[in-house]
Amino acid sequence: MERLLLRKDFLAAARSPSRAVKACVVQMRVREDQAAARVGFTVTKKLGNAVKRNRIRRRLKEAVRTGLYDEFQPGHDYVIIGRAATDGRCFAALVSDIRSALDTLHTQTRSRAAADITKGQEKP
RNA sequence: UCAGUCGGCUGGAUGGCCGCCUGCGGAUGCGCCAAAAGCCUCCGCGGGAGGAAAGUCCGGGCUCCAUGGAAAUACGGUGCCGGUUAAUGGCCGGCGGGGGCGACCCCAGGGAAAGUGCCACAGAAAAUAAACCGCCCCGGCAUGCCCGGGGUAAGGGUGAAACGGUGCGGUAAAAGCGCACCGCGCUUGUUGGUAACAACAGCGGCACGGCAAACCCCACCGGGAGCAAGAUCGAAUAGGGGUGACAGGGGCGAAAGCCCCAGCCUGUUUCCAGGCCGUCACCCGGGUUGGUCGCGAGAGGUGCUUGGCAACAGGCAUCCCAGAUGAAUGGUCAUCCACGGGGGGCAACCCCUGCAGACAGAACCCGGCUUACAGGCCGACUGACAAU
């Protein structure tokens, strides 16, 4: 798994489907290739001063690293956006929040892909 | 012991598990004809946020750009004196003014007789003075709470501020009108001090209200932009830059050439000087929040010491101490220590509980200033009270 670093990738992810949970917002974009999953983090200035923003980003990073390493699928870009509640949420709840968001996004994408396939079969 | 003034330090601790960035050394692999540089992974040993890292308000280093000469002007800044420093508008020491019983604190602290302007409300009057009430003198007849002329600035009242104060003399009433003391002024002298200035003496009847943080005057200082600076690596076109040749409009002339008209640039203006403006040829070369360098041995830290009241400077010894770039320096759990709440106990203290641990995150680097800050610690001094 790699970090998402370039601005254009963040902009692309922002146009993709997203899922908001209590602790954060998760955006997911399906890429063309099947390379390793990439994860980026966004913490806006609205959430507080630099110390507060650093803590929010570090907790999100740590949640991804320790609890959710296998949940991210290759060929996808993920952007996790911090919210005001990220700092206060206890760590276990933070991890389960992100997991449920990922599950929802993956299921949605799969069903849409299946629909596309069936649609393609109906059409000649 | 209480109240207070000044200065300095600190900015939770320990451990378990799992991680991140980076320096050095080593190993495997990639790379290559070979070696080296470089890169990937792993191992070992080190290092890894602050006193303000913050605001970006001053001053420097560093980098690039600009900089032809002279003068004037504009703009911005600073403003008692001396010292200190790479430098400052910082700091230290002193002077003057103000406040406090005191330790001590505060002051944009040059010029108001160069000029312009302003001074609300109140008040007669807010500055070349003036005269509302009043006081005094003279004259008038209608003898009054009267009218007219003159003297005066003591008293009244207003205000942030009213053209010296107190006393005695003096006078019709008064007045620096005269005198004494105080205050004030002086481009007067002496003494002390590097100086700001102070003390004393002399002179002057007293002239000079405040605001320069309103304009202004005087003295001194000042190129611009910033690490997204700047350098470098990599593809093409357009565009860009340099050099050379030819070349604007009008007049005179056969031509060469000369003169005039211009426009833009070197902050502005003036004078002198210079460059540019289109076409062709040749040469150079690459925009970019892409990579790499810049990038941390420094006006460096610590200790001792010498000089100095001090800021600070010198000497010796010793140490190497963050380097990220969608941005590392952490996450989580436990215990302790503080803190808030509740309960028990005479008390020391004990138990429970709390998303509860101040302000706040390096971004090229230093020196300052300013602002934010839970709690804790230390030193010096002052004033009370008590005791000896």
Side-chain angles (χ1 to χ4, degrees):
Chain A
M1 184 165 58
E2 294 176 354
R3 277 295 293 278
L4 197 65
L5 297 176
L6 296 180
R7 179 174 165 75
K8 54 183 179 178
D9 295 329
F10 279 87
L11 293 177
R15 289 192 297 269
S16 305
S18 67
R19 177 74 184 171
V21 286
K22 193 172 175 63
C24 60
V25 177
V26 181
Q27 300 172 334
M28 185 184 77
R29 181 172 77 98
V30 182
R31 277 184 286 137
E32 303 294 317
D33 57 288
Q34 281 298 308
R38 299 191 299 181
V39 182
F41 301 92
T42 295
V43 182
T44 62
K45 281 197 173 176
K46 223 177 356 181
L47 298 180
N49 60 25
V51 174
K52 208 164 194 169
R53 295 199 304 272
N54 273 341
R55 190 166 53 244
I56 288 171
R57 187 179 57 249
R58 284 164 178 162
R59 297 190 83 219
L60 289 174
K61 272 171 67 181
E62 202 67 9
V64 167
R65 184 182 69 82
T66 57
L68 302 158
Y69 198 83
D70 300 325
E71 305 283 334
F72 295 95
Q73 300 178 353
H76 291 69
D77 280 350
Y78 302 88
V79 172
I80 302 179
I81 302 167
R83 312 181 74 176
T86 311
D87 196 22
R89 203 93 167 121
C90 82
F91 196 69
L94 179 63
V95 170
S96 68
D97 278 354
I98 298 173
R99 178 175 288 122
S100 76
L102 289 174
D103 287 347
T104 312
L105 284 168
H106 288 148
T107 329
Q108 282 179 357
T109 318
R110 263 199 300 278
S111 58
R112 194 171 299 139
D116 286 351
I117 287 165
T118 47
K119 222 182 276 177
Q121 281 172 344
E122 281 170 4
K123 283 189 179 175

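We name chains A, B, ... by the order of the sequence lines, and we start the count at 1 in each one.
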Separation of the [atom1] atoms in [N] and [M], to the nearest angstrom:
| N | M | atom1 | result |
| --- | --- | --- | --- |
| B:C364 | B:A225 | C1' | 16 Å |
| B:G300 | B:G331 | P | 36 Å |
| B:A363 | B:G341 | P | 40 Å |
| B:A160 | B:G150 | C1' | 37 Å |
| B:A362 | B:A49 | P | 14 Å |
| B:G19 | B:C57 | P | 46 Å |
| B:A127 | B:G109 | P | 25 Å |
| B:C197 | B:A112 | P | 13 Å |

- Item | Distance below 4.0 Å between A:Arg58 side-chain N/O and B:G19 OP1 or OP2 |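 Result: no.
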For [N], give the paired nucleotide (Watson-Crick: N1-N3 plus N6-O4 or O6-N4; G-U: N1-O2 and O6-N3; both under 3.5 Å), or none.
| N | answer |
| --- | --- |
| B:C276 | B:G263 |
| B:U166 | B:A180 |
| B:U73 | none |
| B:A195 | none |
| B:U371 | none |
| B:C282 | B:G242 |
| B:U1 | B:A384 |
| B:C215 | B:G115 |

Of A:Val79 and A:Arg89, the one whose closest nucleotide on RNA chain B sits nearer the 5' end is A:Val79
Interatomic distance where [atom1] belongs to [X] and [atom2] belongs to [N] [whole Å]:
| X | N | atom1 | atom2 | value |
| --- | --- | --- | --- | --- |
| A:Asp87 | B:G357 | CG | P | 9 Å |
| A:Phe91 | B:U332 | CZ | C1' | 7 Å |
| A:Ile56 | B:A327 | CD1 | P | 15 Å |
| A:Arg57 | B:U329 | CZ | C1' | 12 Å |
| A:Arg59 | B:G361 | CZ | P | 20 Å |
| A:Arg55 | B:C355 | CZ | P | 15 Å |
| A:Asn54 | B:A324 | CG | P | 16 Å |
| A:Lys61 | B:U332 | NZ | C1' | 15 Å |

Indicate the atoms forming the closest heavy-atom contact of [X] with [Y], along with that distance.
| X | Y | answer |
| --- | --- | --- |
| A:Ala85 | A:Lys22 | CB-O, 3.5 Å |
| A:Lys61 | A:Phe41 | CG-CE1, 3.4 Å |
| A:Gly82 | A:Ile56 | CA-CG2, 4.2 Å |
| A:Gly40 | A:Phe10 | CA-CZ, 4.0 Å |
| A:Pro17 | A:Arg112 | CG-NH1, 4.4 Å |

Please step through salt bridge (charged side-chain N to carboxylate O under 4.0 Å, His left out) for the pair A:Arg55 and A:Asp87, ending with a clear verdict. CA-CA 7 Å; A:Arg55 190 166 53 244; A:Asp87 196 22; 3.0 Å; yes
Against the side chain of A:Glu62, the closest entry in B:G361, B:A328, B:C18 is B:C18
Quick note, A:Ala50 side chain, CB onward, closest among B:G331, B:A362, B:A328 is B:A362
Would you call [N] syn or anti, using the 90° rule around 0?
| N | value |
| --- | --- |
| B:A49 | syn |
| B:C333 | anti |
| B:G296 | syn |
| B:G51 | syn |
| B:A103 | anti |

Any N or O donor-acceptor pair linking the side chain of A:Arg65 to the base of B:C18 at under 3.5 Å?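 Side chain to base: pair present.
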Discussion item. At less than 3.5 Å, do the side-chain atoms of A:Thr66 and the base atoms of B:G19 form a donor-acceptor pair?
Written reply: no
Does A:Val21 belong to the same Ile/Leu/Val/Met/Phe/Trp/Tyr cluster as A:Val25, with side-chain heavy atoms less than 4.5 Å apart forming each link?
-> no
Across all chains, not counting sequence neighbours, the side-chain contact (heavy atoms from CB on, under 4.5 Å) partners of A:Ala23 are A:Arg89, A:Leu94, A:Asp97
Quiz prompt | Verify stack between A:Phe10 ring and B:G326 base, 5.5 Å, 30 degrees | solution = yes
Within residues 92-101 of chain A, those residues having any heavy atom closer than 4.0 Å to RNA chain B are none
Q) Counting heavy atoms not belonging to A:Arg53, are there more than 12 under 6.0 Å from its CZ? A) yes
| field | Check ion pair A:Glu62-A:Arg65 (N to O, under 4.0 angstrom) | value | yes
